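Quantities reported herein were computed from a predicted structural model and do not represent experimental measurements.
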Amino acid sequence: MKFCLSASCKQAATEPPLVNFQGTNTLNLEPFFRRKDKVVFVMGATGTGKSRLAIDLATRFPAEIINSDKIQVYKGLEILTNKVTEKERCGVPHHLLGIADPNSNFTAADFRRHASSAIDSIVGRHRLPIVAGGSNSFIESLVEEEAEFGYRYECCFLWVDVSLPVLHSFVSERVDRMLENGLVNEVRNLFDPKGNDYARGIRRAIGVPELDAFLRAEMDPATDDKGRCRILEEAILKIKENTRKLACRQRHKIHRLQSKWGWNLHRIDATEVFLQLGNGEYSDDAWAELVADPTSIILHQFLSQNTFNRHSMTIELTENVFNVVF
């Protein structure tokens, strides 16, 4: 078999190489490009359905969930903190949920460390990390303050939104359901009349400091039943008010993060779903049509895109070092 080279090929073949790697010369060559791993964030104010959406997505895509709620990270108060139950998790692995001592102070730095480790572990299993929770300061700390996070990961921000008047009505009704499920007794078991630091640990949760006066009145023989009922009613109203204020702050913080960092937030309006609530339950059909299905399309498009890091290529010679940055 004969191979015929063109004149230009013959000339190129006879020319000396541009770089001669011989003798003790070494070549240290990093990959030109590295594909970024994907991370999804499900954000939103309290009560908007972040946990449900995260679980829905994790049943449609190979994913695991990382909690980013600064109160749900503590052990205890499952009713008050509205932690998802084992049944509600649908077999989806959850991380950073009920892991911290209730008396400790789990900081944003702690979250960065634990969340980064969880993300690395999930990615290592070729699964998708979904970070879900209402503590936007935790998310901001991870995305913008963790060294090299933006270099290694491409983020998809999903924002579940509900109009405030509708959401305020829902969270007030949710407090009533929590009371029916044993909220007061749950806080009572945590109560310490000799000292409760409501600025630290799980005792910061809305519902704990508000019930302090009632729980003290229960222990005071000078307070009659009528007085205790009045104090409890005031506490419940305060819990609902503070929960509504929290929703407003969280929603405002999301707007601020979008403006500050230029995050591309995909807003999913779930207001219509909440307007169709019956006995505090979502309509599965409405949720699927208006929230889960459109979000799945967004996520599918996100996962189909490839974003690469540009690495530097360093060629080391005996006398010269060439740094080629792409």
Check your understanding: Between A63 and P93, what is the shortest heavy-atom contact and its length?
Key -> O-CD, 4.4 Å
Practice item. Determine whether the side chains of E64 and H94 contain a donor N or O and an acceptor N or O closer than 3.5 Å. Key: no
**Study point:** Candidate pair T46 and T243, rule side-chain contact (heavy atoms from CB on, under 4.5 Å), full reasoning
**Key:** CA-CA 8 Å; T46 183; T243 304; 4.2 Å; yes
Point to revise | Which atom of V291 lies closest to which atom of T295, heavy atoms considered | key: O-OG1, 2.6 Å
Point to revise | Heavy-atom side-chain contact between F111 and S135 under 4.5 Å | key: no
Practice item. Determine, stepwise, if the pair D110 / R112 fulfils salt bridge (charged side-chain N to carboxylate O under 4.0 Å, His left out). Key: CA-CA 5 Å; D110 293 325; R112 289 200 308 270; over 6 Å; no
**Study point:** Distance in Å, N82 CG paired with Q72 CD, rounded so as to fall on 0.5 Å steps
**Key:** 6.5 Å
Practice item. May I ask you to test the H266-N264 pair for a side-chain heavy-atom distance under 4.5 Å? Key: yes
Point to revise | Minimum heavy-atom distance G44-W159, with the two atoms named | key: CA-CD1, 4.0 Å
Review point. Where does the angle between the aromatic ring planes of F157 and F41 fall among parallel (under 30°), tilted (30 to 60°) and perpendicular (over 60°)?
Key: parallel
**Study point:** Side-chain H-bond candidate by donor/acceptor type, E272 with Q276, under 3.5 Å
**Key:** yes
Check your understanding: Are C156 and V39 close enough, and set up right, to give a side-chain contact (heavy atoms from CB on, under 4.5 Å), and what steps lead you there?
Key -> CA-CA 6 Å; C156 178; V39 180; over 6 Å; no
Point to revise | Close aromatic pair by centroid cut-off 6.0 Å: H114 and F106 | key: yes
Review point. Of the non-hydrogen atoms in G76 and I202, which two are nearest, and what is the gap between them?
Key: O-CD1, 3.5 Å
**Study point:** Check: I122 and I66 side chains under 4.5 Å, non-hydrogen atoms
**Key:** yes
Check your understanding: Just wondering, do S68 and L96 contact through their side chains at under 4.5 Å, heavy atoms?
Key -> no
Review point. Any donor-acceptor pair under 3.5 Å linking the side chain of R200 with the backbone of N103?
Key: yes
Point to revise | Gap between atom CZ of R174 and atom NZ of K240 - 0.5 Å precision | key: 12.5 Å
Check your understanding: Going by distance alone, is a donor N or O of one side chain under 3.5 Å from an acceptor N or O of the other, for R216 and T223?
Key -> no
Review point. How far does CG of N136 sit from NZ of K70, to the nearest 0.5 angstrom?
Key: 9.0 Å
Point to revise | Within 6.0 angstrom of H300 NE2, more than 12 heavy atoms from elsewhere | key: no
Practice item. Give the cluster check for L275 versus L167: same hydrophobic cluster or not, with ILVMFWY residues linked at side-chain heavy-atom distances below 4.5 Å. Key: yes
Exercise for review: Could you tell me whether R251 and D161 have a side-chain N and a carboxylate O separated by less than 4.0 Å?
Suggested key: yes
Review point. For K38, does its backbone N or O pair with a side-chain atom of E154 as donor and acceptor, under 3.5 Å?
Key: no
Check your understanding: Just by distance, do the side chain of T48 and the backbone of V162 share a donor-acceptor pair under 3.5 Å?
Key -> no
Review point. Is R152 paired with D120 through a side-chain N to carboxylate O contact shorter than 4.0 Å?
Key: yes
Exercise for review: Return each pair, listed once, that meets ring-ring contact (aromatic ring centres under 6.0 Å, His included) where at least one residue sits in residues 185-230; pairs must be two or more places apart or across chains.
Suggested key: none
Check your understanding: Is there side-chain contact between L303 and L128, with heavy atoms separated by less than 4.5 Å?
Key -> yes
**Study point:** Side-chain donor-acceptor pair present, D285, S283, cut-off under 3.5 Å
**Key:** no
Exercise for review: Would you tell me whether W263 and E140 have side-chain atoms, one donor and one acceptor, within less than 3.5 Å of each other?
Suggested key: no
Point to revise | Test item: R230 and K226 side chains (from C-beta on) under 4.5 Å apart, heavy atoms | key: no
Point to revise | Worked check of side-chain contact (heavy atoms from CB on, under 4.5 Å) between E146 and R113 | key: CA-CA 9 Å; E146 176 65 19; R113 184 174 67 256; over 6 Å; no
Revision key, fill the gap. When rounded to the nearest 0.5 Å, the distance separating CZ of R89 from OG of S51 is 10.0 Å
Practice item. For S141 and S137, indicate whether the former's side chain and the latter's backbone hold a donor-acceptor pair under 3.5 Å. Key: no
Study note, to complete from the structure: Residue set satisfying salt bridge (charged side-chain N to carboxylate O under 4.0 Å, His left out) with D293, at least two apart, ordered chain then number -> R60
Check your understanding: Is there a chain of hydrophobic side chains (I, L, V, M, F, W, Y, each step under 4.5 Å between heavy atoms) that links L237 to L179?
Key -> no
Study note, to complete from the structure: Heavy-atom nearest pair, Q250 first then G134, reads NE2-O, 3.2 Å
Practice item. Check for a donor-acceptor pair, side chain of K50 on one end and backbone N or O of A45 on the other, with a separation under 3.5 Å. Key: yes
**Study point:** Under 3.5 Å donor-acceptor, S104 side chain and D101 backbone
**Key:** yes
Exercise for review: For the pair E218 and R188, evaluate salt bridge (charged side-chain N to carboxylate O under 4.0 Å, His left out) and give the outcome as yes or no after the intermediate values.
Suggested key: CA-CA 10 Å; E218 276 191 328; R188 184 184 289 118; 2.7 Å; yes
Practice item. May I have the step-by-step check of side-chain contact (heavy atoms from CB on, under 4.5 Å) for R203 and L190, ending in yes or no? Key: CA-CA 9 Å; R203 288 179 172 83; L190 186 72; 3.9 Å; yes
Check your understanding: Between S259 and H255, is there a donor-acceptor pair closer than 3.5 Å when you use the side chain of the first and the backbone of the second?
Key -> no
Review point. Looking at A58 and I130, what are the two nearest heavy atoms and their distance?
Key: N-CD1, 4.1 Å
Check your understanding: What is the distance from atom CZ of R127 to atom CD1 of I119, rounded to the nearest 0.5 Å?
Key -> 15.0 Å
**Study point:** Distance-only donor-acceptor check, side chains S121 and R125, under 3.5 Å
**Key:** yes
Review point. With side chains defined as the heavy atoms from C-beta onward, is the minimum distance between N242 and R244 less than 4.5 Å?
Key: no
Review point. Under the salt bridge (charged side-chain N to carboxylate O under 4.0 Å, His left out) criterion, do K238 and E210 qualify, and how do the steps go?
Key: CA-CA 7 Å; K238 197 65 177 177; E210 290 83 355; over 6 Å; no
Check your understanding: Taking the side chain as C-beta and beyond, is there a heavy-atom pair between F61 and S296 under 4.5 Å?
Key -> yes
Exercise for review: Say whether I297 and L299 are linked into one hydrophobic cluster, either directly or through other cluster members, by side-chain heavy-atom distances under 4.5 angstrom.
Suggested key: no
Practice item. With rounding to the nearest 0.5 Å, note down the distance linking CE in M43 to CD in Q258. Key: 9.0 Å
Point to revise | Pair R204, Y74: side-chain N/O donor-acceptor within cut-off below 3.5 Å | key: yes
